[in-house]
Amino acid sequence: DLCPPHPDRPPSPVNVTVTQLKANSATVSWDVPEGDVVIGYAILQQRQDGQMQRFIREVNTTNRACVLWDLAEDADYIIQVQSIGLYGESQASKRVHFRTLKETDRLPSNSSNQGDITMEGLDKDRQLQTGEIIIIVAVLLMWAAVIALFCRQYDIIKDNDSNNNKEKTKPSSEHSTPERPSGGLLRSK
């Protein structure tokens, strides 16, 4: 009465893809056909040159992704994913090839880009600051000019008013003052 090999092992994972490729890590994700009870996964990861092989197995999880860590930079890898069901493991998925990035290429380009970005950002900030200063100075100068013009206009108006007043008062005083002394002089004579 031994159980025969179960035909209801889960089907192989599909759509196995590698994302978030870096120099030393990558993320593997996959889909599981619906209708099957899957309680975990197993991943076979090996370098194409055969130097390193790793078997990752995790049960009691519904995860459909796994981070591969501690990879060698600029190296070719092959991975296969299996679903773990209640009655055993599925056939391995199709083999997926990927290549890690070069640390040397990636980091300096990133740091230099970041450097450029920060430098550009600083330059932009400086330009903005100088631009703002120029605008402020221009506004202040304009206000100064407006105030100066206004003051000039006001002074001219004041001068005109005082001149007019002087001119108005002057003739009367000029006419009146000579008359009085002359009148006095004539009377005294």
Side-chain angles (χ1 to χ4, degrees), residues 1-140:
D1 290 345
L2 286 172
C3 292
H6 272 277
D8 51 359
R9 291 199 307 174
S12 304
V14 293
N15 301 330
V16 179
T17 51
V18 177
T19 56
Q20 296 175 16
L21 260 178
K22 295 178 182 171
N24 304 116
S25 66
T27 300
V28 185
S29 60
W30 61 89
D31 294 325
V32 175
E34 287 192 17
D36 293 286
V37 179
V38 174
I39 60 167
Y41 61 83
I43 297 171
L44 176 65
Q45 167 202 318
Q46 58 183 2
R47 274 181 65 165
Q48 204 158 3
D49 56 15
Q51 283 184 8
M52 190 189 83
Q53 190 166 339
R54 180 190 285 157
F55 192 69
I56 302 164
R57 183 186 171 92
E58 195 166 325
V59 291
N60 297 328
T61 178
T62 55
N63 281 347
R64 301 285 181 261
C66 175
V67 177
L68 307 175
W69 69 98
D70 202 22
L71 303 177
E73 62 171 301
D74 194 26
D76 289 299
Y77 284 90
I78 300 164
I79 49 161
Q80 288 180 288
V81 185
Q82 291 173 284
S83 294
I84 299 173
L86 294 170
Y87 304 108
E89 294 169 2
S90 72
Q91 292 291 316
S93 67
K94 289 179 182 175
R95 291 151 67 97
V96 175
H97 295 250
F98 70 93
R99 186 180 182 86
T100 51
L101 302 177
K102 279 187 185 178
E103 190 80 49
T104 48
D105 283 355
R106 189 172 174 75
L107 280 178
S109 67
N110 263 5
S111 58
S112 67
N113 284 346
Q114 282 167 2
D116 293 346
I117 289 160
T118 50
M119 285 303 292
E120 280 170 16
L122 286 173
D123 289 343
K124 278 176 190 166
D125 288 346
R126 282 185 202 136
Q127 284 168 10
L128 280 175
Q129 284 169 1
T130 50
E132 282 166 7
I133 289 161
I134 288 163
I135 289 164
I136 290 162
V137 169
V139 168
L140 287 173

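- Interatomic distance, CZ of F55 versus CD of Q46, reported as 11.5 Å (0.5 Å rounding).
- Scanning both residues, P11 and S90, for their nearest heavy atoms gives O-CB, 3.4 Å.
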Q: Could you walk me through whether I39 and L86 pass side-chain contact (heavy atoms from CB on, under 4.5 Å), step by step?
A: CA-CA 7 Å; I39 60 167; L86 294 170; 4.0 Å; yes
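- With sequence neighbours excluded, the residues satisfying side-chain contact (heavy atoms from CB on, under 4.5 Å) with Q51 are R47, D49.
- In this structure, Y77 OH and H97 NE2 are separated by 14.5 Å, a value rounded to the nearest 0.5 Å.
- Applying the side-chain hydrogen bond (donor to acceptor under 3.5 Å, both in side chains) rule to E58 yields the partners Y41; only residues at least two apart in sequence or on another chain are considered.
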Q | side-chain contact (heavy atoms from CB on, under 4.5 Å) assessment of Q80 paired with I43 | A | CA-CA 6 Å; Q80 288 180 288; I43 297 171; over 6 Å; no
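- Of the inter-residue distances, the one linking T17 atom OG1 with F98 atom CZ reads 11.5 Å to the nearest 0.5 angstrom.
- In this structure, the separation between CZ on R99 and CG on D74 is 4.0 Å, given to the nearest 0.5 Å.
- R64 places a side-chain heavy atom less than 4.5 Å from the side chain of V38.
- Residues satisfying the side-chain hydrogen bond (donor to acceptor under 3.5 Å, both in side chains) criterion with S25, sequence neighbours excluded, are absent altogether.
- When side chains are defined from C-beta on, L44 counts as touching Q53, because their heavy atoms get closer than 4.5 Å.
- Side-chain atoms of I56 and Q45, non-hydrogen and from C-beta on, do get closer than 4.5 Å to each other.
- At least one side-chain heavy atom of R54 sits under 4.5 Å from a side-chain heavy atom of D70.
- Side-chain contact between V28 and V16: present, with at least one pair of heavy atoms (C-beta onward) separated by less than 4.5 Å.
- V96 is not listed as a side-chain neighbour of W30, based on a closest heavy-atom distance of 4.5 Å or more.
- The two residues K22 and T100 come nearest to each other via the heavy atoms O-CB, 3.6 Å.
- Shown here for S83 and V32, the closest heavy-atom pair between the two residues is OG-CG2, 4.0 Å.
- Checked by atom type, the side-chain pair S12/S93 shows no donor-acceptor distance below 3.5 Å.
- Taken to the nearest 0.5 Å, the CG atom of N15 stands 9.5 Å off from the NZ atom of K94.
- Of the possible donor and acceptor atoms, one in the side chain of N24 sits under 3.5 Å from a partner among the backbone N and O of L71.
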(Q) Please evaluate residues Q91 and R9 with respect to the criterion side-chain contact (heavy atoms from CB on, under 4.5 Å), reporting the C-alpha separation (whole Å), side-chain torsions for both, the decisive distance (0.1 Å), and the verdict. (A) CA-CA 9 Å; Q91 292 291 316; R9 291 199 307 174; 2.9 Å; yes
